[in-house]
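Report on the following structure.
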Amino acid sequence: MVEDKNDNFIMAEDSELYYIISDGPFVPMKTIGETTVQVLKIRKEYNDVDRKAIEKNFRANKILVYGIGLDEYNRISACQSANEIWKTLQVAHEGTTQVKLSKIDMLTTEYELFMMNLDESIQDMHIRFTSIINELHSLGESI
């Protein structure tokens with residue numbers, strides 16, 4: 001996963017939330033018998049640690065949902081976990097790995113062939129150049 005300014009915000013909020021978003025939610029489990037079979041705990045079996053971890057699952061979801069607009073919400077409304085929301089948003093904005101690599105190639109070519117247009121002001125050229133650099137950076141490519 002590409003770490004970006006959003007990752008830094010989440011890390012500042014609570015590093016455990018970052019791991020819930022990137023790795024998936026905490027699911028309370030218990031061991032049954034000597035065979036160490038893991039099964040899902042029922043709600044009345046939760047202890048304080050389980051309840052706090054589940055609360056962090058909800059906080060991670062809330063951070064992602066509150067930080068998006070209505071169009072984005074419609075895209076992720078069926079997602080069950082913060083990890084699923086994050087992956088859905090990544091694919092929606094970055095595309096699959098193949099699409100991402102294609103975008104990087106296209107932007108790198110644009111960067112390498114960059115020239116000022118005849119009818120362009122220096123300010124417009126700078127804005128266009130900065131846009132190329134920022135898009136490459138958001139895709140994890142440094143120039």
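We count residues from 1, following the sequence as given.
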Assess whether atom NZ of K41 is packed by more than 12 heavy atoms of other residues, nucleotides or ligands within 6.0 Å. yes
Rounded distance [0.5 Å steps], CD in E112 versus CD1 in I143: 7.5 Å
Tell me if a side-chain donor or acceptor on N47 pairs with a main-chain N or O of V49 at a distance below 3.5 Å. yes
What heavy-atom pair brings M115 and E120 nearest, and what distance separates the two atoms? O-OE1, 4.4 Å
Determine yes or no for a side-chain-to-main-chain donor-acceptor pair under 3.5 angstrom, with N83 supplying the side chain and S22 the backbone. yes
Can any side-chain N or O of R51 pair as donor or acceptor with the backbone N or O of Y46 at less than 3.5 Å? yes
So, for A60 and I20, which heavy atoms are closest and what is the spacing to 0.1 Å? CB-CG2, 3.9 Å
Is it the case that E141 and T108 place a side-chain donor and acceptor less than 3.5 Å from each other? no
Determine all donor-acceptor pairs shorter than 3.5 Å in which one atom belongs to a side chain in residues 64-80; sequence neighbours excluded.
from, atom 1, to, atom 2, distance (Å)
E72, OE1, R75, NH1, 3.2
E72, OE1, H93, NE2, 3.2
E72, OE2, R75, NH1, 3.3
E72, OE2, H93, NE2, 3.1
N74, ND2, L70, O, 3.4
Q80, NE2, A78, O, 3.3

Taking atom CD of Q98 as the centre, does the number of heavy atoms from other residues, nucleotides or ligands within less than 6.0 Å exceed 12? no
Where the side chain of S131 meets the backbone of I127, is there a donor-acceptor pair that is under 3.5 Å apart? no
Rounded to the nearest 0.5 Å, what separation is found between the NZ atom of K52 and the CG atom of N57? 15.0 Å
Return the CD1 to CD distance between I32 and Q38, rounded to the nearest 0.5 Å. 9.0 Å
Please, which pairs that meet ring pair (Phe, Tyr, Trp, His ring centres under 6.0 Å) have at least one residue in residues 103-123, sequence neighbours excluded? Y111-F129, F114-F129
One thing to verify: whether E135 and K103 come together as a salt bridge, which I'm taking to mean a side-chain N less than 4.0 angstrom from a carboxylate O. no
Ignoring hydrogens and angles, tell me if any N or O in the side chain of D50 forms a donor-acceptor pair with the backbone of P28 under 3.5 Å. no
Within 6.0 Å of CD1 in I122, more than 12 heavy atoms from elsewhere: no
Interatomic distance, CZ@F58 vs CG@N61, rounded to 0.5 Å, equals 7.5 Å
